[in-house]
Colleague: 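One structure, pasted below without further comment.
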Protein chains: 2
Amino acid sequence: MKAAPGIEVSPSADRVTISDVADALGLTKGTVSRALNNYPDISDATRQRVARTAESMGYRPLAHAQAIRTGRSRAIGLVLQTDVAGAQRPFLSDFLAGVSNAASDASWTLTVAMSSGGNEMLATMRRLIEERKADGFIVPRTLAEDARATLLNSLKVPFVLYGRLREIGDCAWFDILGEEAMRKAVARLAGQGHSRIGFVNGGMEYNFSYLREEGFRVGMQEAGLKVDENLVVNGAMTREVGRDKVVELLAHDKPPTAVLFAVDMAALGAYDAAEAIGLQIGQDLSVISYDGIPECAWVRPKLTSFRVDSKMAGGRLAELLIRHVRGEHPSTLRETAHAMLWPGGSDGPPRLTTEELANRVAGAI
Amino acid sequence: MKAAPGIEVSPSADRVTISDVADALGLTKGTVSRALNNYPDISDATRQRVARTAESMGYRPLAHAQAIRTGRSRAIGLVLQTDVAGAQRPFLSDFLAGVSNAASDASWTLTVAMSSGGNEMLATMRRLIEERKADGFIVPRTLAEDARATLLNSLKVPFVLYGRLREIGDCAWFDILGEEAMRKAVARLAGQGHSRIGFVNGGMEYNFSYLREEGFRVGMQEAGLKVDENLVVNGAMTREVGRDKVVELLAHDKPPTAVLFAVDMAALGAYDAAEAIGLQIGQDLSVISYDGIPECAWVRPKLTSFRVDSKMAGGRLAELLIRHVRGEHPSTLRETAHAMLWPGGSDGPPRLTTEELANRVAGAI
DNA sequence: TTTCTTGCCGAAACCGGTTTCGTAACTGAT
DNA sequence: ATCAGTTACGAAACCGGTTTCGGCAAGAAA
């Protein structure tokens, strides 16, 4: 009595099952299972015998058959946000490659879902958890107050943040030291002779913005420069907003000769602003940014930026998550990496003083 | 006797199981299962009673518990290639969103893996199949001769191509009518007064290249123009190669006043070539392309291109695949959609004749 | 009435694993 | 030699579903 069946399950369903292995060894499948899972009540001799024949027979357990008993299916969950402005897109491919490869290496798989953010994203995660489609999650683009972390914590589902949290609970994370990059960028600009340096930050809903701003400030202090609060703005995640912010800074009566951006996408807006006003990027106005999106190399002059290795990040996140699911304590699962300076021609010694620059700007408007 | 355990499986493992539903109804779980799966030996009354209480109790079957018996887990497999030149990246996010959303709507999930292509990609697919991590595959970027299709066919695993195959076997596909876009592009250029139109095709390993070239030729014929084979080149998938191809075409003694590209990424190279030679895109040289990547809007003048709705494509592919897995015959699962003209300033009436253009080019080199 | 269908459901096997429990055989101490 | 304690495995239950099989009851045909 067959119901509407769909595709015939290929008769080549000749997978090697645990029972096959057991029969070949003259053991029961229970014993084989315990041997493979390192139960203490199996003799070393048997354990090795089992391991060898399982290997030679090409036995690999079906993750979802295990999952029905254990609740774990060796799957990493990744929920992406669809409509975020810009910056995510260029890295997505590399990031996925990193996660996917690391997962494969551990015989894990990657389940991805996309949702529009907010509550819908939480609902999506809930569904994946409830249906046991993911044993844990990678949480990209950590927010200053991240409801995803809260949810997963309360559900006791393992997760690893890409980015840090303001109040560090017991969670695992991986992050690139954006603050360090900002610090170095300021040092570089100061070394070129800039003393009035503006800072265009990203959206304050993201935690990285706080870190990068702090890095900017530390850098200024180390360079012996004073931060003019009028030259510190935020909320620039897109080219358009970046443009507007630069115009805003340049309209100051003592405009900055250099502007540091927290985000490449916004920094591209500086080119538009410069073109509109008639300034040469890299000479009249120096720009340094962060992310290392491909567009950096396409604009003229090339945008000096701190490049993030997204593929590596994805790989590290996956490994940390797997270790977390396997039982390691989250507080031991924290890693950072450095962004790498990727020099272009967008920064250099100031050709104009702030006064001259102010005149140029005034003349253009 | 517990083995090294890992994270405690959350005690909130209070999912509603099929037994719960059965108990609540005074039926056996077998009956409930058959009722929910529309077996013919269940009375309509019972079927509806079961459906209602299952719904009200919030019962949703565990996909991987079903899979152990049925072999299907309601998962779409998507294997992406890591190192392809360019064009994939900009659309990945939209494409994933489309696939993911369509999958979610049907209570399916999306398993993605990335690999470097060729045999490694086939091995990755094999692994996913063997481990039952995917019930079927979406095969993006169809090649002229696609080993993936061959493999999946021989394994009798359902799949849907994004793109068509040269020799249409019994497979399902979704595709955008690139040839139609090329045809319209030629008509547009001809209408603007161009008579010498070059064509820079993509790599001939991709099947779409054959289609688009055919579209170009049909368009030329319909416009009453003769194709100069010297002005038809291929293999341009990147900005750099695109640039070189344009230079090559312009070096012709009767250079084209308009160039049609099969791929945006390559068309961007035309801007570099034009800048090097000192030509105005849109006036001295008209360019129309295809894909609709975001960069089209960032270059000056904006690149006229035929935009592909990747999100929609992903969604359609997912739905077709699901229907395929459910048993519909692949030959009934074929869809196409249109690319949409996205006008920029990169094309227009020719300012120069081909002779004048040749002189300009000669002067510049 | 009797017999044959048919409709409808319960019982139980099954999928491929994991985990608990019980026990035979081997220690080692008395 | 006896007895308690280990060691190492078999047996069987279990996870959450699906599918087969058998049989009861009601209706149809004889």
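Note that the structure is predicted; figures quoted are calculated from it, not measured. So that the names make sense, note that chain A is the first sequence line, chain B the second, and so on, each numbered from 1.
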Colleague: Check whether more than 12 heavy atoms from other residues, nucleotides or ligands sit under 6.0 Å from atom CG of Asp170(B), and answer yes or no.
Modeller: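 Counting neighbours around CG of Asp170(B), more than 12 heavy atoms of other residues, nucleotides or ligands fall under 6.0 Å, so yes.
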Colleague: What nitrogen or oxygen pairs link the protein and nucleotides 23-26 of chain C at under 3.5 Å?
Modeller:
none

Colleague: Please report, rounded to the nearest Å, how far the P atom of dC8(C) is from the CG atom of Asn38(B).
Modeller: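 Atom CG in Asn38(B) sits about 14 Å away from atom P in dC8(C).
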Colleague: What verdict does the side chain to side chain contact (heavy atoms under 4.5 Å, CB included) test give for Leu165(B) and Asn207(B), after you've listed the backbone C-alpha separation in whole Å, the side-chain angles of each residue and the deciding distance to 0.1 Å?
Modeller: CA-CA 7 Å; Leu165(B) 271 184; Asn207(B) 192 56; 5.5 Å; no
Colleague: Which residues in residues 43-50 of chain B have at least one heavy atom lying under 4.0 Å from any atom of DNA chain C?
Modeller: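 Under 4.0 Å from DNA chain C: Ser43(B), Thr46(B).
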Colleague: Closest to the Thr28(B) side chain: dA11(D), dC9(D), dG10(C)?
Modeller: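 Of all the options, the side chain of Thr28(B) is nearest to dG10(C).
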Colleague: Which pairs with one or both residues in residues 104-128 of chain B pass salt bridge (Lys or Arg N to Asp or Glu O under 4.0 Å), sequence neighbours excluded?
Modeller: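 Salt bridge (Lys or Arg N to Asp or Glu O under 4.0 Å) check on residues 104-128 of chain B returns Arg127(B)-Glu131(B).
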Colleague: Please state whether the phosphate of dT18(C), meaning OP1 or OP2, lies under 4.0 angstrom from any side-chain nitrogen or oxygen of Ser33(A).
Modeller: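 For dT18(C), OP1 or OP2 has a side-chain N or O of Ser33(A) closer than 4.0 Å.
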Colleague: Polar atom pairs between nucleotides 13-15 of chain D and protein, under 3.5 Å, N or O only, would you list them?
Modeller:
residue: dC14(D); atom: O2; partner: Arg69(A); partner atom: NH1; Å: 3.4
residue: dC15(D); atom: O4'; partner: Arg69(A); partner atom: NE; Å: 3.4

Colleague: With sequence neighbours left out, what residues match Asp44(A) under salt bridge (Lys or Arg N to Asp or Glu O under 4.0 Å)?
Modeller: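 Salt bridge (Lys or Arg N to Asp or Glu O under 4.0 Å) check on Asp44(A) returns Arg47(A).
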Colleague: Taking 4.0 Å as the cut-off, does a side-chain nitrogen or oxygen of Tyr59(A) come that near to OP1 or OP2 on dG17(C)?
Modeller: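 Affirmative; the distance criterion is met.
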Colleague: Considering residues at least two apart in sequence or located in another chain, which fulfil the salt bridge (Lys or Arg N to Asp or Glu O under 4.0 Å) criterion with Arg323(B)?
Modeller: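 Salt bridge (Lys or Arg N to Asp or Glu O under 4.0 Å) check on Arg323(B) returns Glu319(B), Glu328(B).
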Colleague: According to salt bridge (Lys or Arg N to Asp or Glu O under 4.0 Å), who are the partners of Glu145(A), at least two apart in sequence or on a separate chain?
Modeller: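 With sequence neighbours excluded, Glu145(A) shows a salt bridge (Lys or Arg N to Asp or Glu O under 4.0 Å) to no residue whatsoever.
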Colleague: Looking only at N and O atoms, is any donor in the side chain of Arg34(B) or the base of dG17(D) less than 3.5 Å from an acceptor on the other one?
Modeller: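 Side chain to base: no pair below 3.5 Å.
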Colleague: Go through the structure and list residues passing side-chain hydrogen bond (donor to acceptor under 3.5 Å, both in side chains) with Ser19(B), not counting sequence neighbours.
Modeller: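 Scan of Ser19(B) (side-chain hydrogen bond (donor to acceptor under 3.5 Å, both in side chains), adjacent residues dropped) gives none.
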Colleague: Starting from C1' on dG17(D), measure out to CD1 on Ile18(B) and report it in whole angstrom.
Modeller: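 Result: 6 Å.
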Colleague: Write down the distance between CG (Asp41(A)) and P (dG22(C)), rounded to a whole number of angstrom.
Modeller: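 Those two atoms, CG and P, are 15 Å apart.
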Colleague: How many whole angstroms separate atom CG of Leu62(A) from atom P of dG16(D)?
Modeller: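 Nearest whole value for this atom pair: 18 Å.
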Colleague: Give a yes or no on whether the backbone of Met312(B) and the side-chain of Arg316(B) come within a donor-acceptor separation of less than 3.5 Å.
Modeller: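 No: the side chain of Arg316(B) does not pair with the backbone of Met312(B).
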Colleague: According to the ring pair (Phe, Tyr, Trp, His ring centres under 6.0 Å) rule, which pairs have a member within residues 95-125 of chain A, sequence neighbours left out?
Modeller: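 Only Phe95(A)-Tyr162(A) qualify under ring pair (Phe, Tyr, Trp, His ring centres under 6.0 Å).
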Colleague: Please report, rounded to the nearest Å, how far the P atom of dT7(D) is from the OH atom of Tyr39(A).
Modeller: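 Tyr39(A) atom OH is separated from dT7(D) atom P by 18 Å.
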Colleague: Separation of Asp23(A) atom CG from dG10(D) atom P, in whole Å?
Modeller: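 That distance rounds to 12 Å.
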Colleague: Over how many whole Å does the gap from Arg72(A) atom CZ to dT19(C) atom C1' extend?
Modeller: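 My rounded result for the distance is 14 Å.
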Colleague: Apply the test salt bridge (charged side-chain N to carboxylate O under 4.0 Å, His left out) to residues Arg164(A) and Asp175(A): give CA-CA distance (whole Å), side-chain angles for both, the deciding distance (0.1 Å), then the verdict.
Modeller: CA-CA 7 Å; Arg164(A) 284 155 280 173; Asp175(A) 202 5; 2.8 Å; yes
Colleague: Which angle, rounded to 10°, do you find between the first-five-pair axis and the last-five-pair axis of the helix from dT1(C)-dA30(D) to dT30(C)-dA1(D)?
Modeller: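 What I find for the helix from dT1(C)-dA30(D) to dT30(C)-dA1(D) is an axis angle of 60°.
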Colleague: Using the test salt bridge (Lys or Arg N to Asp or Glu O under 4.0 Å), find all partners of Asp309(B) that sit at least two apart in sequence or belong to another chain.
Modeller: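 Not a single residue meets the salt bridge (Lys or Arg N to Asp or Glu O under 4.0 Å) criterion with Asp309(B).
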Colleague: Would you say CD of Glu335(A) has more than 12 non-hydrogen atoms from neighbouring residues, nucleotides or ligands within 6.0 angstrom?
Modeller: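 More than 12 heavy atoms, drawn from other residues, nucleotides or ligands, come within 6.0 Å of this atom.
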Colleague: Do Arg148(B) and Met125(B) come within less than 4.5 Å of each other through their side chains, counting heavy atoms only?
Modeller: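 The answer is yes, as the side chains (C-beta and beyond) meet within the 4.5 Å cut-off.
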Colleague: Does dT18(D) have OP1 or OP2 sitting under 4.0 Å from an N or O in the side chain of Thr70(B)?
Modeller: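 Thr70(B) to dT18(D) OP1/OP2: no side-chain N or O under 4.0 Å.
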Colleague: Residues in side-chain hydrogen bond (donor to acceptor under 3.5 Å, both in side chains) with Thr46(B), at least two apart?
Modeller: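 Testing Thr46(B) for side-chain hydrogen bond (donor to acceptor under 3.5 Å, both in side chains), a comparison that skips the adjacent residues, returns Ser43(B).
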Colleague: Whole angstrom is fine here: how far is it from CD1 in Ile42(A) over to C1' in dT18(C)?
Modeller: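 Interatomic distance, CD1 of Ile42(A) to C1' of dT18(C): 12 Å.
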